[in-house]
Enquirer: 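Below is a structure I'd like to ask you about.
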Amino acid sequence: MNDDTFSVEALVADERFQAWVLHPTPDLRLFWETFQTDHPDRRAAVDEARRLVQHWAGVRPAAPTADEVADLRTAIFERIGATSSDTGRVLPFPNRRNWLPARWVAAASVVLLLGLAWWLQTPGEVRVQTAYGQTRTLTLPDGSTVTLNANSSLRYPDNLDAQAVRELHLTGEAFFSVRHTADHRPFRVRTTRLNVEVLGTEFNVSERWNRERVVLESGKVRVMLAGNGGTTATLKPGDLVELQPGTAHLNQRRVAPGTYSAWRQHRWKLQREPLADVALRLEETFGVRVVFAHDTDRRRLVSGEVPTHDLSALCDILGETLGLRFVRSGDEVRIEEVE
Amino acid sequence: MNDNNPVSTDHAAWQRLKGGDVTALGTLYDAHAASLLQFGSRICHDRSLVRDAIQDVFVELWQYHARLAEVRNVRFYLFRMLRSHLSRHLARRGKSVELLDETLAGQTAPAEDVLVANETDELTKTRLQATLRELSPRQRQAVLLRFYEDFSYDEIADLMGISYQAVVNLVYQSTRRLRRYLPGLAALTAAQWVGEGLALAGAVLAAVFF
C-alpha cells in the first residue's frame with residue numbers, strides 16, 4: 001500500500017467507505033473493522049474520514065421556491081392539456097396528439113402610456129377603467145378573464161363573442177386569461193404600437209412606461225408592430241419582447257415569466273431594476289409624483305419582492321431596504337438620503 | 001439523500017405512467033422537480049432555460065408514455081433526460097454543457113447556493129460553507145450528486161459526462177479543500193485517539209492487577 005491509498009482524502013472518496021458511514025450493512029461493517037485491525041496506524045485517518053463524510057452528507061443545495069415549483073408544474077400540465085389541479089383524473093385524450101389542449105388559455109398583461117386617442121367611448125363598446133392603487137378582474141363576453149392593473153383602461157365591443165376577431169384595446173397593464181373558441185377565432189390585444197395575437201396556450205404580455213412590452217408565460221403568441229406588416233416576433237415561453245420609444249425594433253430576450261405578472265398578487269418582483277424605474281412604477285401604480293430630494297443614484301439596481309397593497313407600507317419597506325427615506329406627503333413621495 | 005424519494009414509489013408511478021395515468025406524471029414531478037431544478041442550475045446558469053428543459057422532460061414523458069422502457073432507477077433516468085434536453089437547448093445557442101461548466105469555473109457560487117444542515121457547531125458550519133463556495137462547479141456537482149442525491153459514482157460519471165476515476169478525483173480534491181478549512185478536526189481526532197489509547201492502556205493495567 002502506498003501512503004495515499006489510505007489517506008484521509010482517499011478514504012472519503014472511496015464509495016465503499018462512504019457507504020459504510022452513511023448506509024452501513026453487516027458486510028461493510030465487517031470489512032472496515034477488519035481493515036482497522038489490519039492497519040492500526042490508519043485508525044485516526046478512518047475517524048477523520050468518517051467525520052468528513054458526515055460533513056459532506058449535511059450539505060444541501062438551496063431549495064427552489066414553492067412558487068417556482070408550482071408554476072413549472074402548471075406550465076407542464078397546460079402543455080400536455082391537463083390543468084395542474086386536474087391531475088387526479090386520467091386525461092380524456094389517450095392518443096399521442098393529446099398535448100394539443102382542449103381549451104387554450106392565454107394570459108397577457110399589457111401596459112401603455114401613449115395613445116389616448118381612442119379613449120372616447122363609442123356605442124356598442126365597453127370601457128373599463130381602474131383607479132390608482134386598484135386592480136380589477138372581469139369576465140369578458142367570450143368567457144375570457146382579464147385582470148386590470150392600477151391606472152389602466154380596456155376597451156372592447158360589447159358583442160365581443162360574436163366578432164370574427166376578438167379585438168381589445170388596452171391602455172395601462174393587464175393580464176389576460178383567454179378562452180379558446182371552437183372555431184379558433186383569434187384573440188388580439190392592441191396597444192398604441194403593438195398588436196399581440198394569441199396563438200396557443202398561455203402567455204403574458206406586458207408593456208411598461210415608455211416601453212411596450214410582451215412577456216409570454218407559456219404557449220405561443222405573435223407580436224406585430226402596428227402599421228408595419230414586416231416586423232413580427234413569435235414568442236416562446238419565457239420570452240420577452242420590448243419596443244423602446246422612438247424605435248421600430250422588437251427587442252427579444254429571455255426572462256423569468258412570473259416576474260412580470262406578480263402585480264396580480266399585489267406584489268412586485270424586482271430583479272435588478274434601476275431605482276428610476278421603481279420610481280416610475282410608484283407613479284404609475286399609485287398616481288403619486290416621485291421626487292428625488294437629493295443627488296441619489298437613480299441607476300442603483302433594486303432586487304427583491306415587495307407587497308404593494310399599501311403605499312405607505314411599501315414606502316417604508318423600500319426605504320429600509322435601500323437605506324433611504326421614502327417620505328409620503330399627499331400626492332408626492334420624496335426620496336431622501338438618510339444623512 | 002432525499003427522504004421523500006423511495007424507489008418503490010417511483011417504480012409504481014412509472015408503471016402507472018406507462019399505463020396512461022397522468023396523475024403519475026404529477027407524482028414523479030412532485031418527487032423530483034426540486035432536485036432537477038437544482039441539478040440543472042448547476043449545469044446551466046440560465047434558470048429559465050433549465051425550467052424549459054424540465055418542461056420538455058415531463059411533456060416528452062407524457063407524449064411517449066406508452067413506449068417508455070423499464071427503468072431501474074427512475075430518478076437517474078429523469079436526471080439524464082434533463083441533461084440531454086439542456087444540452088440540446090444549449091447546442092442551439094452554440095454552447096455545450098461542458099463548455100458552459102468551464103466558463104463558470106472561475107466564478108464562485110452565490111452564498112445561498114448551498115446550505116449546511118446537521119451542523120451544530122457554528123464555526124464548522126461557516127467553514128463548510130466557505131469550502132463549498134470555493135469548490136469549482138464540477139467539484140460541487142460531484143459532491144452534491146454523491147452525498148445529497150445519493151447517486152453512485154457510475155451514475156455520476158454518466159450524468160457529468162466524465163470517467164469514473166474523474167468523479168473519484170473530484171470528490172478527493174473537494175475533500176482536500178474541506179480538510180484545509182477544517183484543520184481543528186484532525187487535531188481533535190488525534191486527541192481523541194490518544195484518549196482512547198490511554199483508556200485502553202488503563203484497561204490493560206487493570207487486567208494485570210486483577
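Just so we're on the same page: letters track the sequence lines, and every chain starts at 1.
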Enquirer: Evaluate the criterion side chain to side chain contact (heavy atoms under 4.5 Å, CB included) for residue pair His23(A) and Asp150(B); output intermediate values, then yes/no.
Expert: CA-CA 11 Å; His23(A) 315 289; Asp150(B) 207 16; 3.2 Å; yes
Enquirer: Let me confirm one number: the CZ-CG distance from Arg51(A) to Leu178(B), rounded to the nearest 0.5 Å.
Expert: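 It is 13.0 Å, given to the nearest 0.5 Å.
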Enquirer: Quick one: of Ser174(B), Ala142(B), Ala33(B), who has the most non-hydrogen atom pairs under 4.5 Å with chain A?
Expert: Ser174(B)
Enquirer: Go through the atoms of Ile54(B) and report whether side chain, backbone, both or neither lie under 4.5 Å from a heavy atom of chain A.
Expert: both
Enquirer: Can you pull the salt bridge (charged side-chain N to carboxylate O under 4.0 Å, His left out) pairs that have at least one residue in residues 156-175 of chain B, sequence neighbours excluded?
Expert: Arg80(B)-Asp158(B)
Enquirer: Check step by step if side chain to side chain contact (heavy atoms under 4.5 Å, CB included) holds for Ile80(A) and Phe58(B).
Expert: CA-CA 9 Å; Ile80(A) 65 171; Phe58(B) 284 92; over 6 Å; no
Enquirer: Of the backbone (N, CA, C, O) and the side chain (C-beta and beyond), which part of Val168(B) lies under 4.5 Å from a heavy atom of chain A, both, or neither?
Expert: both
Enquirer: Is it the backbone or the side chain of Tyr153(B) that comes under 4.5 Å from a heavy atom of chain A, or both, or neither?
Expert: both
Enquirer: If I compare all heavy atoms of Leu132(B) with all of Trp56(A), which pair ends up nearest, and what's the gap?
Expert: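 Heavy atoms of Leu132(B) and Trp56(A) come nearest at CD2-CZ3, 3.9 Å.
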Enquirer: Which heavy atom in Arg47(B) sits nearest to a heavy atom in Pro64(A), and how many Å separate them?
Expert: NH2-CB, 3.4 Å
Enquirer: In Å, rounded to the nearest 0.5 Å, how long is the span from OG of Ser48(B) to CG of Asp239(A)?
Expert: 8.5 Å
Enquirer: Side chains of Asp71(A) and Arg51(B): closer than 4.5 Å at any heavy-atom pair?
Expert: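 The answer is no; the side chains never approach within 4.5 Å.
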Enquirer: Search all heavy atoms of Gln55(B) against all heavy atoms of Ala75(A) and return the closest pair with its distance.
Expert: NE2-CB, 3.4 Å
Enquirer: Using every non-hydrogen atom in the two residues, find where Val171(B) and Gln18(A) come nearest and quote the distance to one decimal.
Expert: CG1-NE2, 4.1 Å
Enquirer: What part of Leu25(B) gets within 4.5 angstrom of chain A, counting heavy atoms only: side chain, backbone, both, or neither?
Expert: both
Enquirer: Let me confirm one number: the CZ-OH distance from Arg60(A) to Tyr148(B), rounded to the nearest 0.5 Å.
Expert: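 The CZ atom of Arg60(A) sits 6.0 Å away from the OH atom of Tyr148(B).
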Enquirer: State whether the number of non-hydrogen atoms from other residues, nucleotides or ligands found under 6.0 Å of Glu320(A) atom CD is greater than 12.
Expert: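 Atom CD in Glu320(A) is not packed in, count stays at 12 or less.
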Enquirer: For a 4.5 angstrom cut-off between non-hydrogen side-chain atoms, does Arg79(A) reach Asp56(B)?
Expert: yes
Enquirer: Return the set of residues passing side-chain contact (heavy atoms from CB on, under 4.5 Å) with Gln173(B) (not counting sequence neighbours), or none when no residue passes.
Expert: Gln139(B), Asn169(B), Leu170(B)
Enquirer: Taking it one step at a time, do Tyr29(B) and Leu72(A) satisfy side chain to side chain contact (heavy atoms under 4.5 Å, CB included)?
Expert: CA-CA 10 Å; Tyr29(B) 176 84; Leu72(A) 188 53; 3.1 Å; yes
Enquirer: If you look at every heavy atom in Phe147(B) and Val53(A), which pair is closest and at what distance?
Expert: CE2-CG1, 4.0 Å
Enquirer: What's the separation between atom OH in Tyr172(B) and atom CG in Asp14(A), rounded to the nearest 0.5 Å?
Expert: 12.5 Å
Enquirer: Could you give the distance from CZ (Arg254(A)) to CG (Asp46(B)), rounded to the nearest 0.5 Å?
Expert: 6.5 Å
Enquirer: So for Ala34(B), is it side chain, backbone, both, or neither that comes closer than 4.5 Å to the heavy atoms of chain A?
Expert: both
